[in-house]
Amino acid sequence: MVEQVSKHFDAGRRVQALAGVDLQVRDGEMVVLLGRSGAGKTTLLSLIGGLDRADSGSIHVGGQDVNALRDGDLDRFRQRTIGWAFQTAGLLPLLTALENVWLPLALQGKREKEAVEEATTVLRAVGLAERADHRAYELSGGEQHRVALARELDTETAREITTLIRKAADSGTAVLFATHDRAVTEFADRVVMIEDGRVRDSA
């Protein structure tokens with residue numbers, strides 16, 4: 001349970017990443033945290049997982065006060081209570097976004113034309129059609145992650161992985177799924193919107 005949690009960063013100026021966030025995810029519930037890049041999703045997950053500390057408010061996970069955990073207790077909490085599934089970029093910096101997606105497809109045996117067409121389609125699906133010809137090092141961190149998502153997860157694979165996460169919730173695990181992809185919401189028990197560090201239940 002997250003109650004009135006706030007967090008700011010100093011990046012030449014004060015940036016309010018989270019502002020008075022309240023959120024509860026029950027055992028066996030899959031909550032999708034939906035928001036664009038920079039909305040505060042990663043910050044909130046980091047605080048819940050004990051990777052960072054909130055400026056104010058309280059966070060309880062599995063009956064433990066996350067803010068009160070220190071050293072070994074915090075390590076054990078991360079190992080035994082929290083599970084992470086995340087996407088890293090790992091792009092080839094001198095290749096374009098399009099090349100980073102179609103090249104692995106070609107290496108899997110697809111013809112170049114087919115690989116390029118599929119890569120173009122998935123880049124459009126993640127909102128990067130206009131950035132397809134930009135080299136990876138020219139993309140923002142969020143854009144790089146979306147290219148990696150397009151490269152590694154075709155539509156069918158993405159659905160299979162989301163289905164597995166849904167099964168974890170059905171078995172009694174509390175699941176908080178942070179994404180900008182509205183397609184995932186069909187698997188959710190509840191959708192929570194996050195924008196400018198504030199959350200609200202989806203209407």
Once side chain to side chain contact (heavy atoms under 4.5 Å, CB included) is applied, do any residues pair with Ser56, and if so which ones, sequence neighbours excluded? Ser6
What is the distance from atom CD of Glu130 to atom CZ of Arg124, rounded to the nearest 0.5 Å? 11.0 Å
Distance col, row Asp22:CG vs Glu3:CD, nearest 0.5 angstrom, shows 6.5 Å
Given side-chain contact (heavy atoms from CB on, under 4.5 Å), test Val66 with Ile48 step by step and report yes or no. CA-CA 7 Å; Val66 178; Ile48 292 172; over 6 Å; no
Of the non-hydrogen atoms in Gly28 and Arg166, which two are nearest, and what is the gap between them? O-NH2, 3.9 Å
Distance (rounded to the nearest 0.5 Å) between Arg190 CZ and Leu176 CG: 9.5 Å
Here the gap from Thr163 atom OG1 to Asp170 atom CG, rounded to the nearest 0.5 Å, amounts to 10.0 Å
Just wondering, more than 12 heavy atoms not from Arg80 lying within 6.0 Å of its CZ? no
Check whether Asn67 reaches the backbone of Leu47 with its side chain - one donor and one acceptor, N or O, closer than 3.5 Å. no
Contact check, side chains of Val61 and Phe77, non-hydrogen atoms, under 4.5 Å: yes
Thr173 and Asp27, any side-chain heavy atoms less than 4.5 Å apart: no
Can you give me the closest heavy-atom contact between Thr96 and Glu99, atom names plus distance? N-OE1, 2.8 Å
Carefully, step by step, assess Leu51 and Arg78 under the rule side-chain contact (heavy atoms from CB on, under 4.5 Å). CA-CA 9 Å; Leu51 299 176; Arg78 293 183 188 131; 3.8 Å; yes
Test side chain to side chain donor-acceptor pair (under 3.5 Å) applied to His8 - qualifying residues, sequence neighbours left out: Arg14, Asp55
Check the pair Leu18, Ile194 against side-chain contact (heavy atoms from CB on, under 4.5 Å), reporting the backbone distance first and the verdict last. CA-CA 9 Å; Leu18 297 174; Ile194 182 166; 4.1 Å; yes
Quick check against the 3.5 Å criterion: does Lys41 have a side-chain atom that pairs as donor or acceptor with the backbone of Arg36? yes
With the side chain counted from C-beta on, respond yes when Asp52 and Phe9 share a heavy-atom pair under 4.5 Å apart, and no when they do not. yes
Sub-3.5 Å donor-acceptor pair from the side chain of Arg131 to the main-chain atoms of Leu123, do we have one? no
A quick test of your reading: do over 12 heavy atoms of other residues, nucleotides or ligands sit less than 6.0 Å from CZ of Arg198? no
What's the spacing between Ile165 CD1 and Phe177 CZ if we round to 0.5 Å? 4.5 Å
What are the two closest heavy atoms between Val175 and Val25, and how far apart are they? O-CG1, 3.7 Å
Above 12 or not: heavy atoms from other molecules or residues under 6.0 Å from CZ of Arg53? yes
Using only atom types and a distance under 3.5 Å, with no angle test, would you say the side chain of Asp201 pairs donor to acceptor with the backbone of Val192? no
Any side-chain to backbone donor/acceptor pair from Gln144 onto Leu139? Under 3.5 Å, distance only. yes
Mind checking the CD-CG spacing from Glu112 to Leu103? Nearest 0.5 Å is all I need. 9.5 Å
Chi angles and distances behind the side-chain contact (heavy atoms from CB on, under 4.5 Å) call for His134, Glu143: CA-CA 11 Å; His134 288 255; Glu143 288 172 336; over 6 Å; no
Please check: side-chain N/O of Asp189 versus main-chain N/O of Met30, any donor-acceptor pairing under 3.5 Å? yes
For Thr42, what residues pass the side chain to side chain contact (heavy atoms under 4.5 Å, CB included) criterion, not counting sequence neighbours? Ser46
Quick check: do Met1 and Gln24 have side-chain heavy atoms less than 4.5 Å from each other? yes
Val21 and Gly197 have their tightest heavy-atom pair at CG2-O, 3.4 Å
Side-chain heavy atoms under 4.5 angstrom apart, residues restricted to Ile, Leu, Val, Met, Phe, Trp, Tyr: same cluster for Leu105 and Val116? no
Which atom names give the shortest non-hydrogen contact between Arg146 and Gly127, and what distance separates them? NH1-O, 3.8 Å
